[in-house]
Amino acid sequence: KSIHSRANWSSDSESDSSEAECLYHVVLLGDHGVGKSSLANIFAGIQEKDAHKHIGEDTYEGTLMVDGEETTLVVMDTWETEKQEEDEKWVQDYCMQVGNAYIIVYSITDRSSFESASELRIQLRRIRQAENIPIILVGNKSDLVRSREVAVEEGRACAVVFDCKFIETSASLHHNVHELFEGIVRQIRLRRDSKEI
Ligand code: GDP
Ligand code: MG
C-alpha cells in the first residue's frame with residue numbers, strides 16, 4: 001500500500017502552493033465489495049484528463065469547482081477490511097486519523113455492510129472525539145432495485161442518528177456520484193466557514 005503525504009508530491013505541483021488550505025483528504029470507509037473503489041475511480045474520471053493526478057495506488061487527487069470556488073480533494077481508497085494482518089492494521093489506524101472528511105459506504109443490497117457502516121461511524125466518533133468531521137453516509141448500488149435489503153428510509157434515519165449527510169448512489173450508472181463529492185466539498189466548507197467566525 002502506498003500512502004502519499006502532501007510532502008511527497010507538493011514539490012511537483014507548480015500552481016497550488018498558495019491554496020494549500022483548500023486541499024482536503026477524504027477517506028472512503030466501508031466493507032469489502034460495497035463499491036468504494038468504483039466510486040474513487042469515478043472521482044478520478046470526473047476530472048479533466050490533466051486536472052487530476054493519480055498520486056498513489058489507491059489515492060486520487062482532483063480539483064472540483066463547486067459554487068464558483070475550487071477545492072482540491074485527495075480521495076483515499078486505502079481502507080480494506082478483508083486484510084486483518086497486523087501490518088495492515090496501521091493502514092486502518094492511519095485512515096481513521098488522516099481524513100479531513102469521510103465517506104462511509106454500504107451496499108443497499110447487503111444489510112451486514114449497513115451494520116458495518118454504523119460501527120465505522122461509532123469508531124470514527126470515538127477516535128476523533130473532539131472534532132466535528134464531515135461525514136457522508138452512502139448507500140451504493142441503488143441500481144440493484146430487486147436485490148435491495150436496506151430501504152432508503154433506513155439509510156436516511158441512520159444518518160439523522162449519526163448526525164451526518166446521506167445519499168444513495170449507483171457507481172454503475174454514475175448516478176449521484178458527482179453530487180456525493182460536491183456534497184463533501186460543501187460539508188468541508190461549512191465547517192471551515194463556521195470556524196472563521
Ligand atoms: P470495494 O471493495 O468497496 O472497493 O468495491 P468495488 O468498487 O471493488 O466493487 C465491488 C463490486 O461491486 C464490483 O464488481 C463492482 O463492479 C460492483 N459495483 C460497485 N458499485 C456498483 C453499483 O453501483 N451497482 C452495481 N450493480 N454494482 C456495483
Ligand atoms: Mg476496493
Side-chain angles (χ1 to χ4, degrees), residues 1-4 25-47 52-62 64 73-124 127 133-156 158-159 162 164-184:
K1 280 282 152 56
S2 43
I3 295 175
H4 292 237
H25 287 82
V26 179
V27 179
L28 287 155
L29 302 178
D31 275 0
H32 184 72
V34 296
K36 299 181 299 298
S37 299
S38 304
L39 292 167
N41 289 337
I42 295 170
F43 170 77
I46 281 172
Q47 313 304 318
H52 81 277
K53 285 169 264 177
H54 191 175
I55 60 173
E57 199 187 337
D58 304 308
T59 306
Y60 308 86
E61 180 190 336
L64 295 182
L73 300 182
V74 175
V75 171
M76 299 176 63
D77 180 29
T78 42
W79 183 261
E80 198 44 88
T81 49
E82 289 289 272
K83 300 170 186 160
Q84 294 293 350
E85 303 101 64
E86 267 308 300
D87 55 335
E88 293 290 337
K89 179 80 168 65
W90 75 269
V91 176
Q92 296 197 359
D93 294 340
Y94 182 77
C95 286
M96 285 296 188
Q97 296 290 349
V98 79
N100 301 113
Y102 287 86
I103 296 175
I104 303 181
V105 188
Y106 66 91
S107 166
I108 65 144
T109 65
D110 178 5
R111 179 160 291 278
S112 75
S113 74
F114 182 58
E115 283 153 14
S116 296
S118 298
E119 285 159 23
L120 285 166
R121 174 68 185 98
I122 290 163
Q123 214 178 321
L124 199 52
I127 296 171
I133 315 168
I135 298 172
I136 298 190
L137 179 67
V138 177
N140 188 44
K141 307 200 186 184
S142 62
D143 56 294
L144 298 177
V145 282
R146 297 178 67 161
S147 334
R148 182 185 281 274
E149 288 184 3
V150 183
V152 189
E153 294 71 26
E154 290 180 275
R156 205 174 283 136
C158 183
F162 285 141
C164 62
K165 291 285 170 186
F166 172 70
I167 193 167
E168 279 200 354
T169 58
S170 166
S172 295
L173 302 179
H174 287 214
H175 181 246
N176 269 352
V177 179
H178 206 143
E179 288 78 358
L180 165 61
F181 289 104
E182 284 180 355
I184 272 287

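Basis for what follows: all heavy atoms, side chains included, without hydrogens, waters or symmetry-related copies. Counting starts at 1 for both ligands and their atoms, following the listed order.
Using a distance-only test at 3.5 Å, with no hydrogens or angles considered, no donor-acceptor pair links the side chain of K36 to the main chain of V105. The closest donor-acceptor contact from the side chain of D77 to the backbone of D58 lies at 3.5 Å or more, if one exists at all.
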Original post:
What do the steps show when you test D143 against H175 for side chain to side chain contact (heavy atoms under 4.5 Å, CB included), and what is the final call?
Top reply: CA-CA 9 Å; D143 56 294; H175 181 246; over 6 Å; no
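Taking 2.8 Å as the threshold, S38 does not count as a candidate ligand of the Mg ion (ligand 2), since none of its N, O or S atoms lies below it.
For the pair L173 and ligand 1, no heavy-atom separation below 4.0 Å is found. Contact annotation: G30 has no heavy atom less than 4.0 Å from any atom of ligand 1.
Here NZ of K165 is found 12.5 Å from CG of L137. Values are rounded to the nearest 0.5 Å. Separating the CG atom in L180 from the CD1 atom in I103 is a distance of 4.0 Å, to the nearest 0.5 Å. Here CD of E149 is found 11.0 Å from CG of L144. Values are rounded to the nearest 0.5 Å.
Checking atom 20 (N) of ligand 1 against the protein gives a heavy-atom contact under 4.0 Å.
Atom 12 (O) of ligand 1 has as its closest protein heavy atom K141 NZ, 3.1 Å. The protein non-hydrogen atom at the shortest distance from atom 5 (O) of ligand 1 is G35 N, 3.0 Å. The shortest contact between atom 10 (C) of ligand 1 and any protein heavy atom is with G33 O, 3.5 Å. The protein heavy atom nearest to atom 8 (O) of ligand 1 is S37 CB, 4.1 Å.
Of the listed residues (L28, I136, I133, V26), just one forms a side-chain contact (heavy atoms from CB on, under 4.5 Å) with Y102, and that residue is I133. Each of V91, L120, V27 was scored for a side-chain contact (heavy atoms from CB on, under 4.5 Å) with M96, with one residue passing: L120. Checking I104, D31, D110 one by one against S116, the side-chain contact (heavy atoms from CB on, under 4.5 Å) holds for a single residue, D31.
In summary, the atoms of ligand 1 found under 4.0 Å from a heavy atom of D31, numbered by their order in the structure, are 3 (O). Close approach of ligand 1 to S172 (heavy-atom distance below 4.0 Å) involves ligand atoms 21 (C), 22 (C), 23 (O), 24 (N), 25 (C), 26 (N), 27 (N), 28 (C). Annotation for ligand 1: atoms under 4.0 Å from non-hydrogen atoms of A171 are 20 (N), 22 (C), 23 (O). Heavy-atom proximity to H32, at under 4.0 Å, picks out these atoms of ligand 1: 2 (O).
In terms of N/O distances under 3.5 Å, ligand 1 is approached by K36. In terms of N/O distances under 3.5 Å, ligand 1 is approached by D143. Some N or O of S38 is nearer than 3.5 Å to an N or O of ligand 1, by distance alone. Distances between N or O atoms of L144 and those of ligand 1 include no value under 3.5 Å.
In summary, the side chains of T169 and N140 do present a donor paired with an acceptor at a separation below 3.5 Å, with no hydrogens or angles considered.
A distance below 6.0 Å separates the ring centres of F181 and F43.
Heavy atoms of N140 found under 4.0 angstrom from ligand 1 belong exclusively to the side chain.
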